[in-house]
Chemist: 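There's a structure below that I have some questions on.
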Amino acid sequence: MLDDVVAALAAARAVVVLTGAGVSAESGVPTFRDAQRGLWADYDPEQLATPAGFARDPALVTRWYDERRVQCADVRPNPGHDALARLERYYAERGRAFVLLTQNVDRLHQRAGSRQVVELHGTLWVWRCIVCGHEREETGGPFGEYPPRCGCGGLRRPGVVWFGELLPEAALARAWGALAACDVFLSLGTSAVVEPAASFVDLARAASARTVEINIEETPITDRVDFALRGKTGELLPRIVDALCAR
Ligand code: BJW
Ligand code: ZN
């Protein structure tokens, strides 16, 4: 089956990749839905990743996100991220289209060298004031004071997309445009339960794309893809890209 995926990638003229937390797991970034160790193990997601949760307890929510931001500074991209950056270069050198849609907020794809990255769920690294809208990239140590405040006195929040919020319009438009025109779609390390990204596979199928999933477990889309590879992205992606480049 790996050979079939490599053959589909070799023939592809336009590729769309969707990534989720599983791609960063081998870097040591916890996923969301891993019940014991996941990011939500000690909390109800509704408490942390919703506008209502932030309104109820902004100190708790901003501390949680700030801790994650600081942890992300200490981790490195893994071989899965590296392979995706190489895959992008493979298509760029051949004048073919490639877009990486990520639900991840850690920016590890960019650090690995990927350039065509669409951040569907925003990023942990940019914080904005909920009153004046002022945004600033935060690369230093922990804020230390929670919730952090803007010069105008307003509360600052992480630039991520919470449940019930709209995805950034430009990101969504880019995703829809790329999906409508792709001939191969890869869903990597995502549980495929959070909309609208969970339905991207159907948009790719509607465009007659070959569809591939790589995950250590089955997901709700496993039965709808042409090729479902069971395994770690940090192990399978380098093998796939090596084989593609060796053809
Ligand atoms: C490995 C691995 C290894 C591990 N190798 N694999 C239609 C129907 C029903 C509900 C809705 C709907 N449309 C919208 C909604 C509401 C909601 C939604 O989807 N709810 C569902 C839960 C049902 N969606 C929204 O609210 C979105 N907004 C929106 O659509 O606005 C319009 C609208 C609103 C309301 C109603 C209708 C329309 C916004 C979604 C924002 C999601 N935000 C979060 C938090 C971001 C901030 C933060 O980081 O805290 O994004 S939630 C969280 O889930 C995070 C992730 O990006 C996202 C996806 O998770 P992901 O990446 O898949 O991670 P996991 O942990 O779930 O899975 C990891 C996977 O990796 C697993 O499968 C492992 O097996 C695998 N794995 N190691 C390969 N080494
Ligand atoms: Zn402000």
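Every heavy atom of this structure was used, including side-chain atoms; hydrogens, water molecules and symmetry mates were not. In listed order, ligands and their atoms are each counted from 1.
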Chemist: Any heavy atom of Gly231 closer to ligand 1 than 4.0 angstrom?
Modeler: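 Per 4.0 Å heavy-atom rule, Gly231 contacts ligand 1.
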
Chemist: Counting non-hydrogen protein atoms only, what is the nearest one to atom 24 (N) of ligand 1? Give residue, atom name and distance.
Modeler: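 Going atom by atom, the protein heavy atom closest to atom 24 (N) of ligand 1 ends up being Glu195 O, 3.2 Å.
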
Chemist: Is any heavy atom of the protein nearer than 4.0 Å to atom 37 (C) of ligand 1?
Modeler: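 No.
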
Chemist: What residues form a side chain to side chain donor-acceptor pair (under 3.5 Å) with Arg69, not counting sequence neighbours?
Modeler: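 If we apply the side chain to side chain donor-acceptor pair (under 3.5 Å) test to Arg69, skipping adjacent residues, the hits are Asp66.
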
Chemist: Right, does atom 16 (C) of ligand 1 have protein non-hydrogen atoms nearer than 4.0 Å?
Modeler: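 No, because not a single protein heavy atom sits under 4.0 Å from atom 16 (C) of ligand 1.
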
Chemist: What do you get for the angle at the Zn ion (ligand 2) between SG on Cys150 and SG on Cys129, to the nearest 10 degrees?
Modeler: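 Cys150 SG and Cys129 SG form an angle of 110° at the Zn ion (ligand 2).
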
Chemist: Is there a protein heavy atom at a distance of less than 4.0 Å from atom 33 (C) of ligand 1?
Modeler: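 Answer no: nothing from the protein, no heavy atom, is under 4.0 Å.
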
Chemist: Whether Glu88 and Arg86 form a salt bridge (side-chain N of Lys/Arg under 4.0 Å from carboxylate O of Asp/Glu) is what I want to check.
Modeler: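 Salt bridge between Arg86 and Glu88, a charged N being under 4.0 Å from a carboxylate O: no.
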
Chemist: For atom 80 (N) of ligand 1, grab the closest protein heavy atom and report residue, atom and distance to one decimal in Å.
Modeler: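 Atom 80 (N) of ligand 1 sits closest to the protein heavy atom Glu26 OE2, 2.8 Å.
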
Chemist: Tell me, which protein residue and heavy-atom name are nearest atom 63 (O) of ligand 1, and how many Å apart are they?
Modeler: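 Checking every protein heavy atom, the shortest distance to atom 63 (O) of ligand 1 gives Thr190 OG1, 2.7 Å.
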
Chemist: With a 6.0 Å cut-off on the ring centroids, do Trp127 and Phe143 count as close?
Modeler: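 Yes, the ring of Trp127 comes within the 6.0 Å limit of the ring of Phe143, centre to centre.
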
Chemist: So, Arg224 and Asp202, do they make that salt bridge, N to O below 4.0 Å?
Modeler: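 Counted as a salt bridge, because a side-chain N and a carboxylate O are separated by less than 4.0 Å.
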
Chemist: So for ligand 1, is Thr219 a polar contact partner (N or O within less than 3.5 Å, distance only)?
Modeler: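 No, Thr219 has no N/O under 3.5 Å of an N/O on ligand 1.
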
Chemist: Between Val161 and ligand 1, is there a nitrogen or oxygen pair with a distance under 3.5 Å?
Modeler: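 N/O-N/O distance under 3.5 Å: yes.
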
Chemist: Does Arg157 offer a backbone N or O that forms a donor-acceptor pair with the side chain of Arg128 under 3.5 Å?
Modeler: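 Pair absent, no side-chain N/O of Arg128 close to backbone of Arg157.
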
Chemist: What protein heavy atom sits nearest atom 77 (N) of ligand 1, and how far away is it?
Modeler: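 For atom 77 (N) of ligand 1, the nearest protein heavy atom is Gly22 CA, 3.5 Å.
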
Chemist: Indicate, as side chain, backbone, both or neither, the part of Ser191 found under 4.0 angstrom from ligand 1 when only non-hydrogen atoms are considered.
Modeler: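 Both backbone and side chain.
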
Chemist: Measure the distance from atom 76 (C) of ligand 1 to every protein heavy atom, then report the residue, atom name and distance (to 0.1 Å) of the closest one.
Modeler: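 Checking every protein heavy atom, the shortest distance to atom 76 (C) of ligand 1 gives Asn215 OD1, 3.3 Å.
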
Chemist: So, 2.8 Å as the limit: is an N/O/S atom of His134 located closer than that to the Zn ion (ligand 2)?
Modeler: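 Under 2.8 Å: His134 has no N, O or S contact with the Zn ion (ligand 2).
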
Chemist: Considering only the protein, which heavy-atom contact is closest to atom 64 (O) of ligand 1, and what is its distance?
Modeler: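 Closest protein heavy atom to atom 64 (O) of ligand 1: Ala21 CB, 3.5 Å.
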
Chemist: Taking the minimum heavy-atom distance to atom 28 (N) of ligand 1, which of Glu213, Glu165, Glu235, Glu218 ranks first?
Modeler: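 Nearest option to atom 28 (N) of ligand 1, by heavy atoms: Glu165.
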
Chemist: Looking only at distance, does Leu166 have an N or O less than 3.5 Å from an N or O of ligand 1?
Modeler: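 Between Leu166 and ligand 1, no N or O pair is found under 3.5 Å apart.
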
Chemist: Would you call Val212 and Asp226 a side-chain contact if the rule is heavy atoms closer than 4.5 Å?
Modeler: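 Counting from C-beta outward, Val212 and Asp226 never come under 4.5 Å.
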
Chemist: Is the closest heavy atom of Gly164 to ligand 1 under 4.0 Å?
Modeler: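 The answer is yes: ligand 1 sits under 4.0 Å from a heavy atom of Gly164.
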
Chemist: Checking contacts now, so for atom 53 (C) of ligand 1, which I'm interested in, is there any protein heavy atom under 4.0 Å?
Modeler: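 Within 4.0 Å: yes, protein heavy atom nearby.
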
Chemist: Report the part of Leu167 (side chain from C-beta onward, or backbone N, CA, C, O) that has a heavy atom under 4.0 Å from ligand 1; answer both or neither where that applies.
Modeler: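 The part of Leu167 near ligand 1 is the side chain, not the backbone.
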
Chemist: With no hydrogens and no angle check, is any side-chain donor or acceptor of Asn78 less than 3.5 Å from a backbone partner on Gly234?
Modeler: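 Side chain of Asn78 to backbone of Gly234, a donor-acceptor pair under 3.5 Å: no, none is there.
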
Chemist: CD/Gln103 to OG1/Thr19 distance, rounded to the nearest 0.5 angstrom?
Modeler: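 These two atoms lie 7.0 Å from each other.
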
Chemist: Side chains of Ser114 and His81: is there a donor and an acceptor less than 3.5 Å apart?
Modeler: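 Their side chains do not contain a donor-acceptor pair, so the 3.5 Å distance test is not met.
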
Chemist: With a 4.0 Å cut-off, would you call Glu235 and Arg230 a salt bridge?
Modeler: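 Looking at Glu235 and Arg230, the cut-off is not met.
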
Chemist: Any atoms of ligand 1 less than 4.0 Å from a non-hydrogen atom of Thr233? List them with their elements.
Modeler: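 Those of ligand 1 that fall under 4.0 Å from Thr233 are 5 (N), 79 (C).
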
Chemist: Taking Arg107 first and then Glu137, would you say they form a salt bridge - that is, a charged N and a carboxylate O separated by under 4.0 Å?
Modeler: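 Yes, charged N to carboxylate O under 4.0 Å.
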
Chemist: Using a strict threshold of under 4.0 Å (side-chain N to carboxylate O), is an ion pair present between Glu138 and Arg156?
Modeler: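 Glu138 and Arg156: salt-bridged.
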
Chemist: Would you say ligand 1 has an N or O under 3.5 Å from any N or O of Val160?
Modeler: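 In this structure, Val160 places no N or O atom under 3.5 Å from an N or O of ligand 1.
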
Chemist: Run down the list Lys232, His121, Arg68 and name the one with the heavy atom closest to atom 49 (O) of ligand 1.
Modeler: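 Selected option, by shortest heavy-atom distance: Arg68.
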
Chemist: Tell me the nearest of Leu124, Asn104, Val193, Asn78 to atom 22 (C) of ligand 1, using heavy-atom distances.
Modeler: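 Among Leu124, Asn104, Val193, Asn78, the closest heavy atom to atom 22 (C) of ligand 1 belongs to Val193.
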
Chemist: When you check the side-chain N and O atoms of Thr102 and Glu119, is any donor under 3.5 Å from an acceptor?
Modeler: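 Judged by distance alone, the side chains do not pair up.
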
Chemist: Is there a chain of hydrophobic side chains (I, L, V, M, F, W, Y, each step under 4.5 Å between heavy atoms) that links Val131 to Trp162?
Modeler: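 Yes, it is one cluster - the side chains of Val131 and Trp162 are joined through contacts under 4.5 Å.
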
Chemist: Evaluate Gln103 for polar contact with ligand 1, using N/O atom pairs at a separation under 3.5 Å.
Modeler: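 Yes; the residue has a nitrogen or oxygen that sits under 3.5 Å from a nitrogen or oxygen of the ligand.
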
Chemist: Determine whether a donor-acceptor pair (N or O, by modelled atom type, separation under 3.5 Å) exists between the side chain of Asp106 and the backbone of Ser24.
Modeler: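 Pair absent, no side-chain N/O of Asp106 close to backbone of Ser24.
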
Chemist: How far is atom 60 (O) of ligand 1 from its nearest protein heavy atom, and which residue and atom is that?
Modeler: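 The closest heavy atom on the protein side is Arg33 NH1, 3.1 Å.
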
Chemist: Would you call Phe200 and Leu203 a side-chain contact if the rule is heavy atoms closer than 4.5 Å?
Modeler: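 Counting from C-beta outward, Phe200 and Leu203 do come under 4.5 Å.
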
Chemist: For atom 66 (O) of ligand 1, which candidate among Phe163, Trp40, Phe32 holds the nearest heavy atom?
Modeler: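 Answer by nearest heavy atom: Phe32.
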
Chemist: Is atom 40 (C) of ligand 1 in close reach of the protein, with a heavy atom under 4.0 Å away?
Modeler: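 When distances to the protein are checked, atom 40 (C) of ligand 1 has a heavy atom within 4.0 Å.
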
Chemist: Which residue and atom name correspond to the protein heavy atom nearest atom 50 (O) of ligand 1, and how close is it?
Modeler: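 For this ligand atom, the closest protein heavy atom is Tyr65 OH, 2.6 Å.
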
